[in-house]
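Nothing fancy with the numbering, it's 1 onward along the sequence.
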Amino acid sequence: MFAFVFTMLLGLVLIGTGYPIVFGLDRKARLGEAERLVLALLIGALLLQLAVSAVGHATLDLVSMAGVGLVFGLASLPGLKAIAWTNLRDGLGRLPRLELALLLTVCLISFLQGLAPPNDYDSLMYHLAVPKADLERGFIAPDWERGLSNSFFPHLTTGLVRFSMTLAGEAAAQPTIGLLGLAAIAGTGLLAARMGATARISLWAALMFAASRVIVWEIGTVEVDLALAAATVSAMLVYLAARPKPAWRMLALFGLLLGIGFNTKYQGGLVAISFAPLVLLDLVRRRTSFWALALLGSVALGVFVPHLLENFLATGNPLFPLYHSRFYLGGAPFFDNYHLGYGIGRGFLDLLAEPWLIFAAPMQYFDGMVLGSPYLMALLPGVFIAWRRVQSGAAVMSVLLAYYVLWFFMQSQQVRFLIPILPMMATLAALGSGFLWEACGKNFWKRALTLLLLAGLFVNQALFVGIYATLRLPVALGLM
């Protein structure tokens, strides 16, 4: 229970710390208050990670982290006071109650699973093991003893785990990272709303994302893909809000979120590349200037510089362990053939077939990260029934497809590496389901067939949510 209370308080502190930055960069109020809170949580997480890293390299113990926590707690108060809580409460009260109840139930079931002991390989190997080793050592340092190259990966979630583990014990580590998963879920619903969806469809978008089997599992771990998804959907929210002619402050905010993606996972670089065609098209259309894009890039890179510098000083390679054999002739070939892992091939037909096979044969060709019932693939094409009504649909679709192509050719084809674009996919699928229902009109048989299809997909998916609740909740709640 203490871990849960600590995590809730930490979430408020992170929001309060990041809110003044979001408010200052969104002077023209292009973002809604709920969108500002999602962004504030991520920015607060970045600031805390940087503070933990700065202090932790000298000393990492209860006293030092309590001092960091005190500073952040006090710094969060003005931000928390400035938030328009009344507007948020009124907006929440206008949401459809059934869909809201379903979404909150899935979120609570998934989040509480984080109170159970960790049981996934990556967390036990380094996501939890590296921060624990630092805590036992008394300061942050490369974990040379175990030869784990993974300990040089970006540190945003690692810094949060160090902080929560020091102050509240190991039980608080998974729920702390779960906060970023909740941000990704909220961001999905907000993205749907920004694309013109009704409140009901926006909640369905968030629910479709939250109920995906891989999301239900990962939100209760310290895996980092959901944190990257939160940064990605937040960057998309800012990009869409800033159009058609973004102010320099909004571009700085956009760059800050891309930098948070970098600081979360190296795949954050692929997210930034996926946005590049949109940004360059804006430059060609003279919606923005070269200097504005230089500011965007400088902010994004500037956020990542501390990590690059730390890796360079330790290994001579700022992106260590990536591309190490290219930085040093004869250097260890960490991950050099990483992009060849999993999948059915790297040809054009494979590119077209894999979206279906990810759902149909995840254990045979991929990493076993099951998404569940193929409702995303089944419903997404429905968005083209009324494509012209989708606001900024081309922009969202272009980022989704660009990331998928980069994942296909440049990454190990692990399904969980697609999590950063699942919010966009869920949003388009939710819009597609709405358009499909509208297309049925008042025809009884069309409506009955559509309801049967939707019921089959969602009942099947509910089983995935239920089985994880059955397996992990009793342990998380201390019932066994």
Can you list, pair by pair, the side-chain donor-acceptor contacts under 3.5 Å of residues 123-130, counting residues two or more places apart and other chains?
from, atom 1, to, atom 2, distance (Å)
Ser123, OG, Asp120, OD1, 2.9
Ser123, OG, Asp120, OD2, 2.6

Leu10 side chain reached by Thr176 side chain, heavy atoms, under 4.5 Å: yes
Quick one: salt bridge (Lys or Arg N to Asp or Glu O under 4.0 Å) partners of Asp350, sequence neighbours excluded? none
Between Leu257 and Leu237, is any pair of side-chain heavy atoms under 4.5 Å apart? no
Any ion pair linking Glu218 and Arg416 (charged N to carboxylate O, less than 4.0 Å)? no
Can you check whether Phe209's main-chain N or O pairs, donor with acceptor, with Ser212's side chain at less than 3.5 Å? no
If you round to the nearest 0.5 Å, how far is CG of Leu190 from CZ of Arg194? 9.0 Å
Mind checking the CE-CZ spacing from Met236 to Phe254? Nearest 0.5 Å is all I need. 7.5 Å
How many angstroms lie between OG1 in Thr17 and CG in Leu77, if you round to the nearest 0.5 Å? 9.0 Å
For a 4.5 angstrom cut-off between non-hydrogen side-chain atoms, does Thr232 reach Pro423? no
Does a side-chain heavy-atom distance below 4.5 Å link Val216 with Ser110? yes
For the CG atom of Leu39 and the CG atom of Leu25, what is their distance to the nearest 0.5 Å? 9.5 Å
At what distance, to the nearest 0.5 angstrom, does CG of Leu228 lie from CD1 of Ile419? 9.5 Å
Name of the residue among Val22, Leu41, Ile15 meeting side chain to side chain contact (heavy atoms under 4.5 Å, CB included) with Arg36: Val22
Determine whether Val55 and Met65 satisfy the following criterion, side-chain contact (heavy atoms from CB on, under 4.5 Å), listing intermediate values before the conclusion. CA-CA 8 Å; Val55 175; Met65 291 301 101; 4.0 Å; yes
Nearest 0.5 Å, please: how far is CH2 in Trp407 from CG in Leu418? 4.5 Å
Taking Gln49 for the side chain and Leu160 for the main chain, is one N or O donor matched with an acceptor at less than 3.5 Å? no
Verify, without hydrogens or angle tests, whether Asp122 (side chain) and Glu223 (backbone) share a donor-acceptor contact under 3.5 angstrom. no
When every non-hydrogen atom of His307 is compared with those of Phe153, the smallest separation belongs to CE1-O, 3.3 Å
Where does the angle between the aromatic ring planes of Phe262 and Phe304 fall among parallel (under 30°), tilted (30 to 60°) and perpendicular (over 60°)? parallel
With a 3.5 Å cut-off and no angle check, do the side chains of Tyr19 and Glu33 form a donor-acceptor pair? yes
